[in-house]
Amino acid sequence: MGQPQKPIAAEQQILSLGRVLQSIREEDDVDVLIEIVISYLREQFDYKLIWIALYDRLNHVLFGKGGIIPHKDTSFLHQKFVITPGDLLEQVVIEQHPLGVADLRDEVRAAQWRNVAEKFQIQGTIIVPIRYKDRCLGLLLLGSERWGYLLTGEAKARLMMVLGELGAVLYQHEMHLQQKQTRRTDEPLLELLEKLRNVSNLNQRLEVAVQATHKFVSPNRTNVYWFEREGRYFWCRMSNQLVKIDFNSSTQPAAGMTVQELSDFYYALSVNQIVSIGDARSSLKSHFTAKLLQRLKVRSLLAAPIIWQKNLLGFLAVESNEPRIWMETDKNFVQGAAGLISLVAPNENTESTIKQIQEDAQLTGQVAQGIFNEHELQETLQICAKRVLTRFAATRFLLLQYDPEQNNYQFIYQSQPHNRRPLKFPLDTLKELDGQLLQRSTQAVEIENLDEDLRFFNWRPLLLENGMRSLLICKCLHGQIPPALLVIAHETHRSWTTLEKELLWAVSQQIGVIVRQWQLHTRTQHQQKITLAFERCLDILTESENSKIEAGKKHLECTALEQIATILGCPLAVLFSWSPGDKWAEIIPGVTGSSQFGIADTSISIQTEALIQWALDTESYLTLKVDDLPPETRKWLNTPDKGQIFLMTLRTNTEYKPTGIVLLADTQDRRWSEQSLNTTATLISQLAWWRRQKQINHLLDSTTEELQQLNWYKHRRLEEIQRITALSLSQIRDLGIPANELTQMRYQLLLRQLDHAATSMSGLLKLEQWQLHKSWETMPIASLLKRSLERIDNLVKQQKLWIGVHGLGQPIEDGESPKSCLLPRGVPSFNAQSGMAIVGDVMKIELVIHELLVNACNRSPSGGRIDIWCRRLTDHKPIDTKINISHLGQDSVTRVGAAHQKLLELSITHNGAIEPQLLTELDRNTLKDVLAPSNLNQPPGLHLLICQNLMQELGGEVNFYQLPDNRVVNRLLLPLAGNES
């Protein structure tokens with residue numbers, strides 16, 4: 001084997017560290033331990049000054065245990081050092097963190113060590129605490145002749161390991177020493193327990209506990225203070241000096257020590273903390289410690305709470321007139337004695353406690369029974385509130401529900417004394433911390449003093465203003481924002497027991513079931529309201545088929561706006577409507593339910609109005625505040641300053657141009673729910689589609705009607721032109737080459753007729769290519785009838801019909817056939833009517849008369865009769881369809897009117913057959929299903945419908961009836977020309 005190699009420096013340091021740690025663990029003598037550590041530090045660290053001291057916590061003193069110094073006399077290192085406030089040594093002891101000083105000679109906070117440093121030229125210094133867990137057991141001071149306090153990481157690690165091991169051993173040694181010196185508390189507490197068992201009265205038990213505590217701790221005074229919840233104060237129930245203070249005794253303090261005076265002391269006792277105030281030590285805040293000692297007139301205090309079932313009954317206090325450091329044994333005994341008192345205290349009121357438990361069970365049972373009874377919400381809550389207020393001796397019972405639309409809490413029920421007014425204001429939504437507090441709580445949240453408690457701070461001003469000073473608050477239902485809250489209020493500062501808070505919690509959960517049922521009922525009603533609004537809107541849109549005029553359309557839109565406004569409950573609903581290309585919007589009011597809201601009678605520009613442009617730039621709906629509106633808009637929009645606006649464009653597709661916007665307005669206090677907004681948007685979208693479909697239908701109907709009229713008109717005109725042309729050509733052929741002057745004249749006349757036909761065809765093709773052109777002409781009715789009868793002469797002869805014209809007084813030529821005469825023989829001439837003339841587009845009127853005559857001829861049987869009745873009307877109501885057959889016996893029909901118009905009634909009657917369904921469809925007051933098969937979709941019904949629509953545009957009217965004797969009447973009303981015509 002080779003020779004062992006000499007260990008390197010790093011290995012040597014590790015070996016030395018291991019040896020010293022092992023030595024520290026195996027040594028029991030403290031002085032030897034100190035010598036081992038000093039030797040190690042002298043060997044491993046280059047410091048001229050090394051000092052180790054142990055810390056006496058009770059007296060706040062350091063005892064030097066030795067070290068090294070650049071002098072033979074080391075007695076200075078074994079001296080006693082009293083720690084002064086602000087000293088460097090005190091800072092290390094309290095903070096328990098190493099402290100470095102660059103030059104100890106210049107440090108004014110180390111007076112004694114500063115002299116040593118100046119004497120031995122000590123500069124850089126490090127002070128390290130010797131600690132175990134959170135307890136300081138001593139400290140180590142290392143001083144060097146070099147400036148600064150540098151210590152490498154590796155050296156610092158070795159130093160901390162050594163000091164850590166030294167602290168652990170010193171702690172064990174201190175605990176062992178304390179066990180030897182500490183008085184045992186078990187035997188005195190067992191003796192106290194035995195004495196408490198032998199007495200039955202609570203005051204006697206308190207006296208025994210006070211005497212035992214005073215004997216063990218030996219303070220100046222030992223007292224038991226009792227807590228009264230009604231007034232929130234403590235009174236001295238037992239003292240070693242007074243021996244006994246009866247609860248009803250006149251020597252009892254009237255107010256005692258109020259909770260407001262004790263403050264932090266009270267809250268520490270409430271959470272079962274022992275309060276210790278001694279020589280320069282306090283478990284409370286420093287500013288309150290002096291206040292408490294001054295109030296009790298003592299210098300030291302040790303108090304332990306008396307708690308039963310988490311309720312503070314009072315506290316056991318030992319008081320000293322001199323500064324004193326309370327030992328752990330003192331604290332343990334006082335705490336144990338207070339615990340024994342808390343065990344025997346409830347026995348005093350056992351019977352009343354049992355009775356109260358029974359009443360509480362009865363209360364919860366009665367509330368639960370109210371849930372299943374078929375009572376109204378208010379009746380059930382009234383019964384519950386009365387019992388709860390009696391049980392808790394409170395003044396107000398408040399049940400709140402969160403309103404998401406208003407974003408606050410509303411009172412849905414409250415009960416108070418007769419001399420107190422109910423609360424009329426809402427409460428703001430909970431702050432985040434208050435909401436979390438209610439979420440975590442499993443019992444009622446208690447506010448003993450509303451004036452000082454910061455919880456529910458945003459409610460405090462309103463509640464204090466209405467006389468409430470203490471509260472119990474429970475959440476009835478669970479949620480991120482509690483949907484329902486139960487609040488019990490009292491007009492004085494007071495506290496409640498844990499049993500009472502748990503009882504109110506149980507009651508609140510049962511009330512939550514009632515509120516949940518009511519909410520479900522309300523939600524169902526809201527859903528029914530929405531469903532009803534949808535149904536009504538659909539009904540309204542369905543009724544659009546019945547609307548024949550623009551006023552009817554606006555009425556339907558107003559009704560639809562009313563239903564839309566009911567969803568959000570808005571007092572103002574308006575539709576701004578326009579057609580593509582318009583510059584101004586038409587205002588269609590829907591709802592104006594309040595005098596605060598309204599629209600001024602003015603013109604609204606589509607391009608310049610901000611509201612319209614904002615709505616057009618938004619794909620969905622837009623909500624904004626009235627404060628955001630420009631002044632120009634506020635001039636015509638009347639709303640409160642604290643209001644809100646809902647806007648949505650009537651848009652069906654991004655490719656289609658919008659035709660309007662809907663504006664809804666309300667006060668800012670109301671908060672619109674997301675469900676209500678989405679429902680409103682759906683209804684408005686449905687309204688937009690309905691309006692578009694209505695416009696498309698109107699456009700298609702008008703276009704179809706115009707094209708049908710144009711097609712019929714052109715066809716008839718071409719037929720007439722073809723007839724005249726053919727007749728003229730035939731006559732020209734018959735004339736041959738004109739040989740004499742008479743033939744020449746006839747020839748010229750035929751040429752003029754051809755020229756007239758060609759000219760009329762040119763006007764037709766030029767002026768009426770895709771729409772009808774209405775002219776204004778005047779023609780005697782006799783001439784018009786004569787021309788119309790000439791056109792059907794061949795048809796009349798074919799069917800051997802007899803046509804009679806009545807009311808003109810102008811007979812036809814004698815040589816004509818009696819079955820085709822214009823006027824029957826022997827009819828007298830009426831000059832008053834023979835000069836009647838009509839005014840309008842004569843060509844189109846002639847074609848209508850021709851169509852009616854052709855229809856009458858086609859429907860009349862062979863050899864039948866057609867009568868044409870003419871009569872001047874001065875009173876006429878076009879929409880009245882009442883038949884009067886008494887004027888002409890069985891041969892005429894008239895209608896009674898009301899408007900003063902100069903009209904000519906032309907009635908064409910025949911005995912032909914006509915389908916009843918056709919008469920029904922031709923009646924303009926009959927509803928028509930455009931999708932069902934109809935007689936009006938093809939001739940002859942289509943031609944008759946075209947005549948009806950065309951005559952209405954020309955200022956006349958065409959109606960079809962069937963008399964009781966089965967004669968068919970084609971009644972035509974034509975405007976008469978005035979005398980100036």
Side-chain angles (χ1 to χ4, degrees), residues 357-417 420 422-427 429-430 434-435 437-446 456 459 463 468 471-490 496 499-529 673 675:
I357 293 174
Q358 293 175 346
E359 292 177 355
D360 293 346
Q362 184 180 6
L363 171 62
T364 55
Q366 290 172 343
V367 176
Q369 185 178 4
I371 299 175
F372 299 98
N373 291 337
E374 296 182 356
H375 296 305
E376 294 293 334
L377 175 66
Q378 298 295 324
E379 182 179 353
T380 303
L381 292 177
Q382 182 180 3
I383 298 173
C384 177
K386 181 178 179 182
R387 293 166 179 166
V388 169
L389 290 178
T390 303
R391 169 64 180 87
F392 290 89
T395 54
R396 287 186 183 269
F397 177 97
L398 307 174
L399 185 60
L400 296 87
Q401 182 184 13
Y402 177 71
D403 186 352
E405 295 189 3
Q406 305 288 347
N407 193 28
N408 58 22
Y409 280 95
Q410 303 282 345
F411 294 103
I412 59 175
Y413 183 81
Q414 51 182 313
S415 178
Q416 61 281 327
R420 298 291 185 270
L423 307 180
K424 300 296 185 180
F425 51 84
L427 293 175
T429 184
L430 295 174
D434 296 332
L437 174 64
L438 288 175
Q439 290 293 338
R440 295 192 302 265
S441 63
T442 56
Q443 63 181 16
V445 176
E446 181 183 27
F456 305 95
W459 292 2
L463 298 182
M468 286 169 272
L471 306 172
L472 279 180
I473 305 176
C474 295
K475 67 174 186 294
C476 301
L477 298 171
H478 298 275
Q480 186 174 4
I481 299 178
L485 298 175
L486 175 62
V487 180
I488 301 299
H490 202 280
W496 286 270
L499 181 62
E500 290 174 327
K501 289 184 282 188
E502 291 176 349
L503 172 63
L504 186 63
W505 171 265
V507 172
S508 69
Q509 301 309 296
Q510 294 176 337
I511 293 178
V513 177
I514 301 175
V515 175
R516 173 62 69 182
Q517 292 177 342
W518 180 75
Q519 287 180 342
L520 292 176
H521 177 68
T522 304
R523 190 175 303 170
T524 302
Q525 288 183 330
H526 182 64
Q527 293 293 340
Q528 291 176 348
K529 176 182 176 183
S673 65
Q675 182 184 16

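- Atom CG of Leu400 is separated from atom OH of Tyr409 by 8.0 Å, given to the nearest 0.5 angstrom.
- Shown here for Pro426 and Gln410, the closest heavy-atom pair between the two residues is CB-NE2, 3.8 Å.
- Taking CG of Leu485 as the start and CD1 of Ile511 as the end, the distance is 11.5 Å to the nearest 0.5 Å.
- Residue Ser415 is tested with Leu399, Leu389, Leu398 for a side-chain contact (heavy atoms from CB on, under 4.5 Å); the sole match is Leu389.
- Checked by atom type and distance alone, the side chain of Gln414 pairs as donor or acceptor with a backbone atom of Leu423 at under 3.5 Å.
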Check the pair Ile514 / Gln510 against side-chain contact (heavy atoms from CB on, under 4.5 Å), numbers first and verdict last.
CA-CA 7 Å; Ile514 301 175; Gln510 294 176 337; over 6 Å; no

List the steps and the verdict of side-chain contact (heavy atoms from CB on, under 4.5 Å) for Leu430 and Ile481.
CA-CA 8 Å; Leu430 295 174; Ile481 299 178; 6.0 Å; no

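- Between Trp505 and Ala444, the shortest heavy-atom contact is CB-N, 4.1 Å.
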Verdict with reasoning, Lys501 to Leu472, per side-chain contact (heavy atoms from CB on, under 4.5 Å):
CA-CA 8 Å; Lys501 289 184 282 188; Leu472 279 180; 3.8 Å; yes

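- The main-chain N or O of Ala489 is found under 3.5 Å from a side-chain atom of Thr395 such that the two form a donor-acceptor pair.
- Nearest heavy-atom pair across Pro422 and Gln416 is CB-NE2, 3.8 Å.
- Defined by atom type and a distance below 3.5 Å, a donor-acceptor pair is missing between the side-chain atoms of Asn408 and Tyr402.
- Distance check, rounded to the nearest 0.5 Å: CG of Leu477 to CD of Gln509 gives 8.0 Å.
- A donor-acceptor pair under 3.5 Å is formed between the side chain of Lys475 and the backbone N or O of Leu438.
- You'll find the side chain of Phe397 stays beyond 4.5 Å of the side chain of Lys386, heavy atoms only.
- Panel note: side chain Glu446, backbone Trp496; a donor-acceptor pair is recorded below 3.5 Å.
- Here the straight-line distance linking atom CG of Asp434 with atom CD1 of Ile473 works out to 8.0 Å at 0.5 Å rounding.
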Assess the residue pair Phe456 and Val445 against the criterion (side-chain contact (heavy atoms from CB on, under 4.5 Å)); give the C-alpha distance rounded to whole Å, side-chain angles, the decisive distance to 0.1 Å, and a yes or no.
CA-CA 11 Å; Phe456 305 95; Val445 176; 4.1 Å; yes

